[in-house]
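Quick notes on the structure that follows.
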Amino acid sequence: MGIYILYLLLLLIPVLWIVSVFILRKWKHILVYTIVNALLIAIYFYIIFYSNYKIFLHDEYRLKKIFLFLYIIMTHTIAGFIFAMVYKYKVAKNQKTIL
């Protein structure tokens with residue numbers, strides 16, 4: 001059962017990202033948004049896997065770091081999705097008041 005939850009979470013990351021980009025497709029700052037998110041993911045990757053910062057005392061197979069990275073990416077993707085939904089709500093609200 002636990003492995004299915006992992007697969008669901010791994011599948012949810014690109015799905016939420018694609019939906020977020022689809023919602024924000026008409027936003028004028030979408031390119032900057034995408035570049036900043038890509039840079040943040042690269043920074044997360046570097047800090048978790050290549051820095052000398054010891055997050056876990058004993059992680060022989062680096063599985064804890066891998067799951068920490070997936071958790072951070074999932075949290076970041078959910079935050080981006082929430083931002084896209086808030087943006088969509090505000091745009092829809094502004095268009096209702098204009099019409």
Side-chain angles (χ1 to χ4, degrees):
M1 180 67 177
I3 195 75
Y4 295 117
I5 294 172
L6 174 65
Y7 290 148
L8 178 68
L9 289 176
L10 289 176
L11 182 65
L12 199 59
I13 292 171
V15 169
L16 283 179
W17 182 78
I18 290 169
V19 170
S20 298
V21 170
F22 181 76
I23 291 171
L24 295 172
R25 71 188 182 279
K26 295 180 183 176
W27 188 36
K28 62 181 178 180
H29 301 295
I30 188 70
L31 184 62
V32 175
Y33 174 79
T34 306
I35 291 171
V36 168
N37 280 310
L39 285 174
L40 281 173
I41 290 172
I43 290 168
Y44 296 152
F45 185 82
Y46 176 77
I47 289 173
I48 291 174
F49 291 112
Y50 294 111
S51 70
N52 290 331
Y53 182 67
K54 299 287 185 191
I55 299 171
F56 304 108
L57 294 176
H58 180 69
D59 190 14
E60 187 175 338
Y61 299 111
R62 303 184 97 186
L63 291 176
K64 291 179 184 176
K65 287 187 177 187
I66 291 170
F67 283 104
L68 175 64
F69 180 70
L70 290 174
Y71 176 75
I72 289 173
I73 296 300
M74 183 66 190
T75 306
H76 186 92
T77 305
I78 290 172
F81 180 73
I82 292 170
F83 171 76
M85 294 303 293
V86 168
Y87 173 78
K88 181 181 177 182
Y89 172 74
K90 285 189 176 189
V91 167
K93 186 177 176 184
N94 287 339
Q95 288 179 355
K96 272 187 182 177
T97 58
I98 292 172
L99 297 175

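Reckoned from all heavy atoms, side chains included, excluding hydrogens, waters and symmetry mates.
The local environment of NZ in K88 is sparse, with at most 12 non-hydrogen atoms from other residues, nucleotides or ligands closer than 6.0 Å. Within a 6.0 Å radius of OH in Y71, no more than 12 heavy atoms belonging to other residues, nucleotides or ligands are found.
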**Q.** Evaluation steps, side-chain contact (heavy atoms from CB on, under 4.5 Å), between I66 and Y61
**A.** CA-CA 9 Å; I66 291 170; Y61 299 111; over 6 Å; no
Q: Begin with the C-alpha distance, continue with both residues' side-chain angles, and end with the deciding distance and a verdict on ring-ring contact (aromatic ring centres under 6.0 Å, His included) for F69 and F45.
A: CA-CA 7 Å; F69 180 70; F45 185 82; 5.5 Å; yes
Q) Hey, mind stepping through V91 and Y87 against side-chain contact (heavy atoms from CB on, under 4.5 Å) and telling me if it holds? A) CA-CA 6 Å; V91 167; Y87 173 78; 3.5 Å; yes
Q) Does the side-chain contact (heavy atoms from CB on, under 4.5 Å) test come out yes or no for M85 and I23, once each step is laid out? A) CA-CA 8 Å; M85 294 303 293; I23 291 171; 3.5 Å; yes
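Under a hydrophobic-cluster definition in which Ile, Leu, Val, Met, Phe, Trp and Tyr are linked whenever side-chain heavy atoms come within less than 4.5 Å, directly or via other members, I18 and Y33 are assigned to different clusters. Hydrophobic clustering keeps V15 apart from V21 (ILVMFWY residues linked when any side-chain heavy atoms are closer than 4.5 Å, directly or through intermediates). No path of Ile, Leu, Val, Met, Phe, Trp and Tyr side chains, each step under 4.5 Å between heavy atoms, connects I82 with Y89, placing them in separate hydrophobic clusters. No chain of hydrophobic side-chain contacts below 4.5 Å, direct or via other Ile, Leu, Val, Met, Phe, Trp or Tyr residues, connects F22 to V86. By the criterion of side-chain heavy atoms lying less than 4.5 angstrom apart, applied directly or through intervening Ile, Leu, Val, Met, Phe, Trp or Tyr residues, F83 is not grouped with W17; the two fall into different hydrophobic clusters.
Shown here for S20 and F81, the closest heavy-atom pair between the two residues is OG-CA, 3.2 Å.
How far CG of L70 is from CD1 of I13: 5.5 Å, rounded to the nearest 0.5 Å. Atom CG of L12 and atom CE of M74 lie 4.0 Å apart (nearest 0.5 Å). In this structure, CD1 on I43 lies 12.0 Å from CD1 on I72, to the nearest 0.5 angstrom. Remark: I78 CD1 to L16 CG distance equals 6.5 Å, nearest 0.5 Å. In this structure, the separation between CG on L8 and OH on Y4 is 12.5 Å, given to the nearest 0.5 Å.
L39 belongs to a hydrophobic cluster with L31, I35, counting contacts under 4.5 Å between side-chain heavy atoms of Ile, Leu, Val, Met, Phe, Trp and Tyr, direct or through other members.
Residues K64 and L68 form no side-chain contact, since every pair of their non-hydrogen atoms from C-beta on lies 4.5 Å or further apart.
Between H29 and W27, the ring planes lie perpendicular to each other; the angle is over 60°, past the 30° to 60° tilted range.
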